[in-house]
Every structure is written in structure tokens, then in C-alpha cells.
Amino acid sequence: MTLTVRLATHDDMPALRKLMTAAIAELQKEFLTEEQIAASAAIMGLDTQLIDDGTYFAVVESSTVAESTAVGGESVRGCGGWSRRATLYGGDHTAGRDAALLDPAKDPARVRAMYTDPAHTRRGIGRMILTACEEAAAAEGFRTLELMGTMSGQPLYAAAGFVVVEELQDDRGGASVPLVRMRKTITG
């Protein structure tokens with residue numbers, strides 16, 4: 001399997017949404033109750049501002065077979081990005097978003113909306129996205145990255161050098177969903 005990272009486009013949005021829905025439903029089963037997984041849909045999802053800003057990536061596999069997650073002969077296997085804006089997590093539909101620009105000299109860039117196709121986990125997709133985010137944020141002068149991780153994502157982020165700075169619960173979706181704010185100093 002040959003995977004490549006590229007910037008996501010608006011044409012990718014149906015495949016991205018499908019992948020996100022599957023990842024939320026499947027990859028959190030070991031960590032959350034059914035009610036918490038359902039509530040996650042209210043606080044997670046696609047933030048199209050990231051695509052508009054050119055900071056959202058798709059990890060794709062070239063394919064000759066048309067698939068439901070295929071865009072132009074590519075199958076989206078993962079996605080995620082970074083942001084120079086204040087919103088730490090959540091999709092277009094999530095309340096409390098803040099599009100204010102961050103100051104690279106004092107604010108951490110945000111790693112946002114990381115998802116992997118449940119059938120393609122543990123193949124380096126998350127690491128590919130984190131590397132692309134770190135390199136792009138560093139190129140714009142950011143020295144720190146911050147993210148809000150799910151329980152299923154926390155092991156990847158910890159292995160990539162992120163440390164926990166806060167544990168919290170988000171109950172905006174009707175059930176309390178545990179989340180962890182993590183931070184990493186950019187070393188490149």
C-alpha cells in the first residue's frame with residue numbers, strides 16, 4: 001500500500017465526512033460507551049475552515065478500483081490538519097468556535113480533526129499527518145503544537161511526543177465525553 005499526504009480540497013469533503021463518521025463510531029468503542037460515542041458527533045467533525053486555510057491534509061492511497069471513499073482514483077485513508085486559528089477542536093456544527101488568528105510567537109498552533117479509516121489503523125497514517133502538521137506550523141513560525149485528543153487518539157499523540165496538560169469532559173453532546181488537551185514543543 002502506497003500512501004501519500006496532500007492538502008484536502010472541497011471535493012474531498014464527502015469522503016472525509018464518511019471516514020470521520022466511521023472513525024468516531026468504530027475506533028472509540030474500546031474507550032467510550034455507546035452514549036458517549038453518539039455524543040462525540042456533536043463535538044467532533046469536519047471544520048471546513050481548515051480546508052479553506054490550506055492546512056488540512058488527506059492521506060490517500062491510489063486506486064484503480066472505484067470505492068465509496070475514492071476521489072479521482074484515490075481512496076482517503078486518513079485526514080487531519082493544523083490551524084493558525086484559536087478553535088482547538090470541533091466541526092462546522094460545533095458551538096463555541098473562534099476564528100481569531102493565533103500569534104506564532106506566543107500561541108501554540110492547533111492540531112485538528114485527526115481521523116483514520118478504521119480498516120487502515122496502525123499503518124503510520126496518523127504519524128504522517130502529525131509530521132505534515134508540525135512541518136507546516138514550524139514553517140509559519142510556530143514553536144508549539146496543541147491538540148484536544150480523544151481517549152483512542154491519546155496513545156498516538158503521546159508516542160509522537162505530546163504531553164498531557166489537561167484532562168476534561170465535554171458534555172455538549174448530551175453525554176460526558178472524556179478528552180485530553182496535549183502539547184508538544186516543535187523541535188525541527
Side-chain angles (χ1 to χ4, degrees), residues 4-17 19-21 23-24 39-60 71 76 78-116 125-150 153-154 156-173 177-188:
T4 56
V5 178
R6 64 165 173 75
L7 287 175
T9 69
H10 282 270
D11 289 341
D12 294 318
M13 289 177 16
L16 295 172
R17 285 191 174 104
L19 184 145
M20 290 174 182
T21 299
I24 290 168
S40 295
I43 61 171
M44 299 176 191
L46 183 60
D47 182 345
T48 54
Q49 182 70 60
L50 300 172
I51 294 173
D52 294 341
D53 286 347
T55 61
Y56 201 66
F57 302 104
V59 175
V60 296
V71 177
V76 179
C79 55
W82 73 281
S83 182
R84 60 182 74 86
R85 298 184 184 274
T87 297
L88 182 56
Y89 70 103
D92 288 341
H93 61 283
T94 308
R97 297 160 40 88
D98 183 353
L101 292 173
L102 301 168
D103 179 353
K106 65 177 184 165
D107 298 319
R110 313 303 198 205
V111 173
R112 301 279 316 278
M114 298 268 302
Y115 298 93
T116 301
I125 292 169
R127 290 271 188 167
M128 292 172 75
I129 295 167
L130 288 173
T131 298
C133 291
E134 185 169 338
E135 290 172 355
E140 289 198 20
F142 285 93
R143 297 178 294 215
T144 308
L145 296 173
E146 185 173 74
L147 60 82
M148 188 66 77
T150 61
Q154 185 177 358
L156 166 68
Y157 306 134
F162 285 82
V163 295
V164 175
V165 295
E166 177 185 18
E167 294 179 4
L168 59 100
Q169 303 281 325
D170 189 323
D171 62 2
R172 292 178 291 169
V177 178
L179 298 170
V180 60
R181 181 187 297 251
M182 302 179 80
R183 196 170 288 147
K184 175 184 180 177
T185 300
I186 296 174
T187 58

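In this text, all values refer to a predicted model and were calculated from it rather than measured experimentally.
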Any side-chain heavy atom of Asp92 within less than 4.5 Å of one from Arg97?
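Yes, side chains in contact.
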Measuring from Asp107:CG to Phe142:CZ, what's the distance to the nearest 0.5 Å?
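Separation between the atoms: 7.0 Å.
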Would you check if Leu7 and Tyr56 make a side-chain contact, meaning some heavy-atom pair closer than 4.5 Å?
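No, too far: nothing below the 4.5 Å cut-off.
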To check you understand the geometry: which heavy-atom pair defines the closest contact between Ala42 and Gly173, and what is its length?
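Minimum heavy-atom contact is CB-CA, 3.6 Å.
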Do Val180 and Tyr157 make a side-chain contact, defined as non-hydrogen atoms from C-beta onward lying under 4.5 Å apart?
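A side-chain contact is absent here, since even the closest heavy-atom pair is not under 4.5 Å.
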At their closest point, which heavy atom of Thr116 faces which heavy atom of Gly126, and how far apart are they?
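Reported closest heavy-atom pair: OG1-N, 4.4 Å.
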Could you check whether any side-chain heavy atom of Asp52 comes within less than 4.5 Å of a side-chain heavy atom of Gln49, counting everything from C-beta outward?
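Side-chain contact under 4.5 Å: yes.
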Using modelled atom types only, decide if a donor and an acceptor are shared between the side chain of Thr144 and the backbone of Thr185 within a distance under 3.5 Å.
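Such a contact is absent between Thr144 side chain and Thr185 backbone.
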Identify the heavy atoms of Gly81 and Phe57 that sit nearest to each other, and give their distance.
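Heavy atoms only, the tightest pair is CA-CD1, 4.2 Å.
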Considering residues at least two apart in sequence or located in another chain, which fulfil the salt bridge (Lys or Arg N to Asp or Glu O under 4.0 Å) criterion with Glu140?
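With sequence neighbours excluded, Glu140 shows a salt bridge (Lys or Arg N to Asp or Glu O under 4.0 Å) to Arg84, given in chain and number order.
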What's the spacing between Met114 CE and Ile125 CD1 if we round to 0.5 Å?
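Taking CE in Met114 and CD1 in Ile125, the distance rounds to 10.0 Å.
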Scan Leu46, Asp47, Leu88, Thr55 and name whichever one has a side-chain contact (heavy atoms from CB on, under 4.5 Å) with Arg112.
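It is Asp47; the other options fail the test.
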Under a 4.5 Å cut-off applied to non-hydrogen side-chain atoms, are Leu156 and Leu130 in contact?
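Yes, side chains in contact.
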About how many Å separate CG of Leu145 and OG of Ser83, when rounded to the nearest 0.5 Å?
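These two atoms lie 11.5 Å from each other.
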Can you name the closest pair of heavy atoms from Arg183 and Pro108 and give their distance?
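Nearest heavy atoms, Arg183 then Pro108: NE-CG, 4.4 Å.
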Within-4.5 Å side-chain heavy-atom neighbours: Met182 and Val111
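A side-chain contact is absent here, since even the closest heavy-atom pair is not under 4.5 Å.
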Please enumerate all residues that pass salt bridge (Lys or Arg N to Asp or Glu O under 4.0 Å) together with Arg181, with sequence neighbours excluded.
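If we apply the salt bridge (Lys or Arg N to Asp or Glu O under 4.0 Å) test to Arg181, skipping adjacent residues, the hits are Glu146, Glu166.
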Show the numbers, then the answer: is there a side chain to side chain contact (heavy atoms under 4.5 Å, CB included) between Val5 and Thr131?
CA-CA 10 Å; Val5 178; Thr131 298; over 6 Å; no
Please tell me if the side chains of Ile24 and Tyr115 come closer than 4.5 Å, counting only heavy atoms from C-beta onward.
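Result yes, sub-4.5 Å side-chain heavy-atom pair found.
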For the pair Arg110 and Leu102, evaluate side chain to side chain contact (heavy atoms under 4.5 Å, CB included) and give the outcome as yes or no after the intermediate values.
CA-CA 9 Å; Arg110 313 303 198 205; Leu102 301 168; 4.0 Å; yes
Over all atoms of both residues, closest heavy-atom pair of Pro14 and Asp11
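Scanning both residues, the minimum pair turns out to be CD-O, 3.6 Å.
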For Tyr89 and Asp170, test the side chains for any donor-to-acceptor distance below 3.5 angstrom and give the result as yes or no.
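Indeed, the side chains of Tyr89 and Asp170 share at least one donor-acceptor pair under 3.5 Å.
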I need the Met13 CE to Ile51 CD1 distance, nearest 0.5 Å.
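These two atoms lie 5.5 Å from each other.
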Given the rule in the side chain to side chain contact (heavy atoms under 4.5 Å, CB included) test, do Arg172 and Val177 qualify, once you have shown the distances and angles that lead to the verdict?
CA-CA 9 Å; Arg172 292 178 291 169; Val177 178; over 6 Å; no
Heavy-atom pair with the smallest gap, counting every atom of Ile186 and Ala137
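Reported closest heavy-atom pair: CD1-CB, 4.2 Å.
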What verdict does the side chain to side chain contact (heavy atoms under 4.5 Å, CB included) test give for Met44 and Thr150, after you've listed the backbone C-alpha separation in whole Å, the side-chain angles of each residue and the deciding distance to 0.1 Å?
CA-CA 10 Å; Met44 299 176 191; Thr150 61; 3.3 Å; yes
Among all residues two or more places apart in sequence or in another chain, which pass the salt bridge (Lys or Arg N to Asp or Glu O under 4.0 Å) test with Asp53?
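So Asp53 forms a salt bridge (Lys or Arg N to Asp or Glu O under 4.0 Å) with Arg85.
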